[in-house]
Asker: 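Below are the structure tokens for one structure; questions will follow.
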Amino acid sequence: MAIKKIGTQTVKFDSPPIITGTSSTVGPKEGEGPLSQYFDVILKDDLYGEKSWELAESKMLRETAKLAVENANRKLSDMEYMFSGDLLNQLMSASFAARDLAIPFFGLYGACSTMTQSLSLGAMIIDGGYADNLIALTSSHFSSAERQFRFPLEHGNQRKLTAQWTVTGAGAAVVSSLGDGPQIDYVTTGKVVDLGIKDINNMGAAMAPAAADTIVKHFEDTGLPTNYYDLILTGDLGQIGKEITEELVLDKGYNILKNYNDCGLLIFDNGAQDTHAGGSGCGCSATVFCGYIYKEMMKRNLNKILLISTGALMSVTSSQQGESIPGIAHAVSIINQGS
Amino acid sequence: MDYIKAFVIGGLICVIGQLLMDGTKLTPAHILVAFVTSGAILGALGIYEPIVEFGGTGATIPLTGFGYSLAKGAIDSVKKAGILGAFTGGIESTAGGVAAAVVFGYIMAVIFNPKSKK
Amino acid sequence: MKKQITRISKEKEYEEYVNKKVPKPAYLKNSLWAFLVGGIICTIAQFILNILRNSGLNKTDANTVTVIIMVFLGAFLTGLGIYDKITQKAGAGAIVPISGFANSIVSPAMEFKREGYVLGIGAKLFSVAGPVLVYGFGSSVILGLLYYFFTR
């Protein structure tokens with residue numbers, strides 16, 4: 001019997017799992033952005049002393065994991081599971097980090113939705129009674145993503161106005177059965193939604209329908225009013241995707257205009273940093289949540305958050321074959337204890 | 001005077017490329033292929049020749065000029081050597097540029113490393 | 001909460017809706033940049049060509065040497081990490097000249113050096129330039145054959 005299931009796509013936890021610690025690492029460009037004071041580590045060189053961008057990304061993930069565990073006042077050996085993924089083929093960053101960390105590992109691919117995907121599954125494992133401590137984490141790296149999905153770094157081309165900038169960064173969250181910190185009340189798992197957008201320079205528009213669908217499902221399933229949350233935060237829709245999401249959600253009868261924002265718009269100063277439509281990548285919602293949001297929640301400046309990381313599930317192969325971009329979005333409801 | 005001609009013709013050819021890039025979803029790779037092919041066709045039809053006469057490097061340095069040399073080389077060789085010329089002429093006339101691209105490309109790739117973007 | 005009937009549900013409608021949101025590229029500004037930089041690159045080439053002609057090279061050879069020098073400059077500036085910055089502003093003004101072709105050869109080769117000298121640099125040298133040569137050489141052969149069959 002699925003006694004913890006409410007509505008069609010949402011889980012309500014009996015004993016809500018607690019996020020006992022987080023940490024975030026970002027690259028130099030993100031470190032110059034408006035959220036710089038919230039990140040634990042800002043790299044001076046995004047090669048991070050490694051010989052390739054891929055290894056640098058993996059190191060970022062590994063070191064962020066260690067720091068998150070430390071911030072949660074736990075030991076690495078306390079971690080019973082690791083839920084992690086990234087954008088590289090066959091999850092190179094996550095798998096290589098897991099090799100060094102030696103924690104039982106579930107590799108996840110959810111494109112840029114990995115932060116809430118890993119938090120969702122982690123929270124279910126904790127509430128299910130299968131573990132007491134685990135770590136959910138993800139990363140992306142501008143240079144490794146650019147080279148896999150787009151063009152070589154030194155290749156001359158003009159970025160489109162709708163294009164987004166892949167965040168170099170990693171975020172990790174320790175989820176525990178007991179402890180201090182904000183708790184996870186609900187998770188709403190998204191369906192793949194695809195309204196036929198094929199332009200890989202306009203991921204926001206491709207993912208927005210999935211984000212809107214998950215947000216609407218969350219409110220339908222929980223029956224909560226939209227103003228319940230201090231902040232509803234999507235992962236990396238950027239300027240255009242954010243506008244579309246607002247309107248699609250409004251179209252379904254839910255007004256989130258006042259308390260909705262997008263991590264991709266928070267992490268960079270799009271005008272000054274020339275990032276066009278905003279930030280993107282797994283690291284975008286991961287660092288904004290594990291850095292900015294978590295710290296503001298600990299200070300009780302924010303108390304109720306709905307985090308919806310958004311992913312574009314295309315590959316180089318699928319887009320070269322002319323297929324449209326399927327979108328995915330998972331929502332996690334994170335609430336300060338006693339608020 | 002030939003500097004002004006080169007500037008204007010070269011600039012205009014690049015503007016055509018820019019309008020294609022902004023107005024369509026073509027990538028730089030598509031633009032390069034389209035320019036070489038159309039340069040070759042315009043060259044074979046005898047339309048590009050007067051542009052080269054007028055614009056000098058303004059017409060030969062854009063990739064349409066590369067296509068023009070390919071077509072011109074092929075046709076000139078056919079005149080001299082018959083059907084075999086169709087196969088050898090184009091590549092012969094552009095061999096210098098292609099070999100330079102391969103050799104310099106290789107050397108630069110070995111010497112330098114890509115820099116991360118800010 | 002009542003569920004309203006979705007207005008934006010079909011792909012076609014959604015595409016039109018998104019297109020209205022997408023900002024239009026700055027056609028005039030981009031074209032001016034392309035004109036300016038493309039023009040400057042060709043003028044530099046003309047300068048080189050004139051020096052070569054004055055030093056006694058015949059027209060064909062001078063043209064070939066000019067192309068070689070422009071390819072070198074494009075490759076060198078790519079190595080230094082400057083060419084992509086020029087292109088970011090100049091767009092087609094830096095992509096369409098032969099120096100942009102050199103950029104498209106060096107940049108992937110450099111990027112994939114860590115994958116080795118044969119399957120990395122060797123193979124990736126032509127990842128963007130390969131198609132250019134395929135269609136360029138291909139059309140020259142076809143045009144040569146057409147000329148052979150139709151003009152005699």
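Values below: all heavy atoms of this structure, side chains included; hydrogens, waters and symmetry mates excluded.
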Asker: Does C/Lys12 have more than 12 heavy atoms from other residues, nucleotides or ligands lying within 6.0 Å of its NZ?
Answerer: no
Asker: Against chain A, label C/Lys124 side chain, backbone, both or neither, depending on which of its atoms sit under 4.5 Å from a heavy atom there.
Answerer: neither
Asker: Where along residues 90-103 of chain C does a heavy atom come under 4.5 Å of chain A, listed by residue number?
Answerer: C/Ala90, C/Gly91, C/Ile95, C/Asn103
Asker: NE2/A/His155 to CD1/C/Ile105 distance, rounded to the nearest 0.5 angstrom?
Answerer: 11.5 Å
Asker: Would you indicate whether the side-chain heavy atoms of C/Thr87 and A/Gln158 approach each other to under 4.5 Å?
Answerer: no
Asker: Using 0.5 Å steps for rounding, measure from the CD atom of A/Glu243 to the NZ atom of C/Lys21.
Answerer: 4.5 Å
Asker: Looking only at heavy atoms, which of residues 107-116 of chain C get nearer than 4.5 Å to chain A?
Answerer: C/Ser107, C/Pro108, C/Met110, C/Glu111, C/Phe112, C/Arg114, C/Glu115
Asker: Might you confirm whether atom OH of C/Tyr135 has over 12 heavy atoms from other residues, nucleotides or ligands at distances under 6.0 Å?
Answerer: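 Incorrect, the count does not exceed 12.
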Asker: C/Val106 vs A/Glu154, test: side chain to side chain contact (heavy atoms under 4.5 Å, CB included). Steps then yes/no.
Answerer: CA-CA 8 Å; C/Val106 180; A/Glu154 302 295 346; over 6 Å; no
Asker: Between A/Leu153 and C/Asp84, is any pair of side-chain heavy atoms under 4.5 Å apart?
Answerer: no
Asker: Between A/Asp274, A/Leu161, A/Thr162, A/Ile240, which residue shows the highest count of heavy-atom pairs closer than 4.5 Å to chain C?
Answerer: A/Leu161
Asker: In Å and rounded to the nearest 0.5 Å, what is the CG to OH distance from A/Leu248 to C/Tyr17?
Answerer: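 Atom-to-atom, A/Leu248:CG and C/Tyr17:OH are 5.0 Å apart.
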Asker: Return each pair, listed once, that meets salt bridge (charged side-chain N to carboxylate O under 4.0 Å, His left out) where at least one residue sits in residues 188-201 of chain A; pairs must be two or more places apart or across chains.
Answerer: A/Asp199-B/Lys25
Asker: Using heavy-atom distances under 4.5 Å, tell me whether C/Lys24 contacts chain A through its side chain, its backbone, both, or neither.
Answerer: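 Contact with chain A involves the backbone of C/Lys24 alone.
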Asker: Any residues in residues 44-79 of chain C near chain A, with a heavy-atom distance under 4.5 Å, and which are they?
Answerer: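 Within residues 44-79 of chain C, the residues that come under 4.5 Å of chain A (heavy atoms only) are C/Thr78.
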Asker: Between C/Tyr14 and A/Ala205, is there a donor-acceptor pair closer than 3.5 Å when you use the side chain of the first and the backbone of the second?
Answerer: yes
Asker: When rounded to the nearest 0.5 angstrom, what distance separates CD in C/Glu13 from CG in A/Leu195?
Answerer: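 One finds 10.0 Å between CD of C/Glu13 and CG of A/Leu195.
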